[in-house]
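See below for the structure under consideration.
Chain naming here is simple, since letters A, B, ... match the order of the sequence lines and numbering starts at 1 in each. Since the structure is predicted, the reported quantities are computational estimates derived from the model, not experimental observations.
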Number of protein chains: 2
Amino acid sequence: MTATRDGNQGGEKRTRLSPQARRAQLIDLGVHMLATRTLDELSVEDIAVEAGISRGLLFHYFGSKQEFYVEVARAAAADLIARTQADTDLEPADALRHSLDAFIAYVEEKPDAYKSLVRGAGGGDAELRALFTETRAALAERVVRVASALGFTLDEAAVLAVHGWVAMVEECTIGWLDNRTISRGQLQEMLARALPALVLAATDTDLDNLVALLT
Amino acid sequence: MTATRDGNQGGEKRTRLSPQARRAQLIDLGVHMLATRTLDELSVEDIAVEAGISRGLLFHYFGSKQEFYVEVARAAAADLIARTQADTDLEPADALRHSLDAFIAYVEEKPDAYKSLVRGAGGGDAELRALFTETRAALAERVVRVASALGFTLDEAAVLAVHGWVAMVEECTIGWLDNRTISRGQLQEMLARALPALVLAATDTDLDNLVALLT
């Protein structure tokens, strides 16, 4: 690490980052490293080396390893939410398939990180568990908002079913990664059809609508 | 603890348990304590006091606190699987509602323990995470077996959807516990209707069957 800093000596003053930019850089490095390891396996040392700073300076920006992990997980969750946003220019059914495609791509890209977050909530840390619960809720609430903007008013049972659908999407995608019994397209199609099926099953009326939506 | 053992001195020889019976007794005490606390909050000291043995003796039966926790979690999971078994004397739709009733009752009985298992997989322990994954898989595979015995052959997409349905049942039941936006009966009904809806949405055929099953 000292070597890296010494090597940079000449130009370091010019490229020194503001505290905010440095924090963002370190979080970003952490998120990228999640592609090949779980949150538990993230090494603060590796991050510091990659950023060309000392381990001590990293702890100047983040009080503890745990605080750094939580910030990395928060950034990863925000990235997932942003990337799976529904494209409102598309027809509802296409927008849903588009979002699911982005979700599956995200999980394919960072399978270890995603599995460790969903299945272990990152080592039992209360803050990470809360973050995971909030992320799942944010995804579900967005579906409810989009549906409502499209004129589908969901009652409380259907809202709960949408939360269940998000849990189902996570479980099916992770299960599928480990053991690809169907094609990626079949997975996407099954999950896309599951949403209206669940909403309709929850609302207890108008089964003809379900048929129309699913065909 | 010494007091308890001394107090029992007179009759202890007669009631001394075999190693196997003692292990079972300690696990059983642990499972019962889960009604009022999470797995993380289980106190090995409290268990020992309750059983009238020393903390040291408990560690004679279980190598470590973690090993004891895993055994308690395993027993709790086996209990959940046993209690939610489908009653094959009932019609399929009734058997499903009956199993869901037992599942909701179980979660209502041990909400903290169940939430900590599902949302945190018990503190990030790899063995507990594996146990949770196996329990979820066992519940899903049982649904697939029952459906198959009833003549509904599920293709791979539908099998994956059933796994997703189990995740949905967990998520909806926990979400409902925290925030009872619908009645218990509505929850049960919504989850019961969700299963055939998902299977049919997954199989991509025969939408009339769905209508028949849901009405």
Neighbour count above 12 (heavy atom, 6.0 Å) for A/E127 CD:
no
- prompt: Within a radius of less than 6.0 Å around CD of A/E91, do more than 12 heavy atoms belonging to other residues, nucleotides or ligands occur?
  reply: no
For [X] versus [Y], what's the shortest heavy-atom pair and its separation?
X: B/R193; Y: A/L200; value: NH2-O, 3.7 Å
X: A/M190; Y: B/A157; value: CE-O, 3.8 Å
X: B/A194; Y: A/L198; value: CB-CD2, 3.4 Å
X: B/C172; Y: A/G164; value: SG-CA, 3.6 Å

Turns out that what part of A/L191 lies under 4.5 Å from chain B's heavy atoms comes down to neither
* **Stepwise side-chain contact (heavy atoms from CB on, under 4.5 Å) check, A/L187 with B/L160** => CA-CA 9 Å; A/L187 172 70; B/L160 195 57; 3.7 Å; yes
With side-chain contact (heavy atoms from CB on, under 4.5 Å) as the criterion, how do B/V166 and A/E171 come out once you've worked through the C-alpha distance, each side chain's angles and the decisive distance to 0.1 Å? CA-CA 9 Å; B/V166 174; A/E171 174 66 15; over 6 Å; no
